[in-house]
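Just follow the structure's listing: the first ligand is 1, and inside any ligand the first atom is 1.
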Amino acid sequence: MPPHITDKIDILGILLDRVDYEKASQRVMEFLETPGAKIVVTPNAEIIMAAQKDERLKAAINGADLSLPDGIGVVLASKLLGCPLEERTTGFDLMMRLLKMAEERGYSVFLLGAKPGVAEEAARNIKKRFPGIKIAGTHHGYFDEAGEEKVVGIINEARPDLLFVAMGAPKQELFMARNRDKLNCRVAMGVGGSLDVLSGKVRRAPVLMQKAGLEWLYRLLTQPSRFRRMGALPMFLVKVIFNRRK
Ligand code: UDP
């Protein structure tokens with residue numbers, strides 16, 4: 001690795017770890033063997049843009065133990081900054097690897113997030129794919145801050161090793177940061193809309209589109225309501241170029 005390239009990359013004040021799936025899984029396995037809850041986040045261009053205006057979100061991401069670059073926008077930005085990341089590491093793909101490892105090594109998982117019933121459906125599908133896995137519990141992601149204590153209590157009673165938090169940004173990052181010291185798990189990881197995909201409610205882009213860096217286009221075509229949100233991607237790249245010049 002050239003000397004100017006370090007194991008962390010700073011994109012608009014957000015720190016990202018330069019890791020591939022292999023290294024990321026290894027880090028999570030280490031976290032699973034050490035006491036205290038560790039936090040894993042996967043910022044994409046949209047989240048990094050949101051963090052520019054939200055100090056709490058920025059602190060939640062930069063305070064995480066592992067921060068993975070998700071999305072083609074972040075990979076392009078790294079190239080513009082002259083310290084290229086080889087690939088994006090999506091929350092969904094890391095989650096699938098971790099589920100496999102959890103099955104092999106006997107770690108239990110809790111699924112938190114999405115609309116009522118979705119986490120249970122996702123759990124059934126996960127069980128079909130990884131029959132030996134221990135699902136410690138599930139809970140939907142629609143509760144307010146007043147209901148949060150109760151949800152944390154439910155998670156803690158289930159004592160999972162791995163907690164997947166699928167409530168979308170910034171809700172999931174803020175939930176994990178706020179409850180870090182209260183959560184009785186080893187790893188809490190934000191996974192966005194992954195439970196919708198695992199339940200079969202939403203389909204992921206075809207692999208060829210994913211490999212071509214066009215997953216955003218597939219999501220735009222299948223969920224046109226995301227159009228406004230996607231405006232963040234070009235704005236993000238413009239901001240990276242502008243900041244680089246400065
Ligand atoms: N969600 C939730 N609680 C909320 C708001 C959203 O559990 O208060 C869920 C929502 O049902 C969906 C996920 O969070 O399953 C967000 O999905 P999205 O596709 O927006 O996330 P992305 O993968 O783009 O981060």
Side-chain angles (χ1 to χ4, degrees), residues 14 16 39-51 54 56-58 60-61 64 66-75 88-96 98-99 109-126 137-152 154-155 163-179 183 188-205 209-210 213-233 235-236:
I14 297 296
L16 299 161
I39 294 179
V40 182
V41 293
T42 64
N44 59 16
E46 188 187 350
I47 300 176
I48 296 177
M49 282 304 270
D54 183 344
R56 282 182 320 159
L57 177 59
K58 189 172 176 182
I61 297 174
L66 184 61
S67 180
L68 304 172
D70 187 356
I72 191 67
V74 184
V75 175
R88 64 192 189 125
T89 36
T90 72
F92 184 84
D93 290 319
L94 181 61
M95 179 179 180
M96 296 314 286
L98 295 177
L99 288 172
V109 305
F110 192 107
L111 308 175
L112 169 66
K115 299 216 169 105
V118 174
E120 290 72 22
E121 194 58 47
R124 276 191 284 277
N125 290 337
I126 289 171
T138 56
H139 196 283
H140 64 79
Y142 290 82
F143 51 87
D144 53 19
E145 282 191 36
E148 192 163 293
E149 206 176 315
K150 195 173 149 217
V151 173
V152 171
I154 293 170
I155 296 166
L163 167 66
F164 291 106
V165 188
M167 302 196 291
K171 203 173 173 191
Q172 60 195 20
E173 288 78 12
L174 297 177
F175 172 86
M176 293 189 293
R178 230 179 359 248
N179 294 295
L183 282 168
M189 174 175 169
V191 291
S194 298
L195 295 184
D196 291 334
V197 178
L198 281 164
S199 71
K201 244 169 71 84
V202 171
R203 285 176 79 94
R204 264 197 101 188
M209 267 183 115
Q210 287 184 39
L214 292 175
E215 187 156 27
W216 61 271
L217 178 62
Y218 178 85
R219 293 188 93 175
L220 185 60
L221 294 173
T222 52
Q223 299 171 39
S225 57
R226 298 179 80 95
F227 184 74
R228 269 175 69 91
R229 284 176 59 178
M230 296 236 161
L233 182 59
M235 289 302 292
F236 166 74

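Contact check on E215 versus R88 returns a salt bridge, with a Lys/Arg side-chain nitrogen under 4.0 Å from an Asp/Glu carboxylate oxygen. Ion pairing of D196 with R203 is absent here, as no side-chain N (NZ or NE/NH1/NH2) approaches a carboxylate O to less than 4.0 Å. Salt-bridge check for R56 with E173: failed, with every basic side-chain N at 4.0 Å or more from each acidic carboxylate O.
Under the rule for a side-chain hydrogen bond (donor to acceptor under 3.5 Å, both in side chains), S194 has no partner lying at least two apart in sequence or in another chain. Take D54 and apply the salt bridge (charged side-chain N to carboxylate O under 4.0 Å, His left out) test, not counting sequence neighbours, and it matches no residue. When the salt bridge (charged side-chain N to carboxylate O under 4.0 Å, His left out) test is applied to E120, no partner is found at least two apart in sequence or on another chain.
For ligand 1, residues of the protein lying within 4.0 angstrom by heavy-atom distance are G113, A114, K115, G141, Y142, A166, M167, G168, K171, G192, G193, D196, R219, R226, R229.
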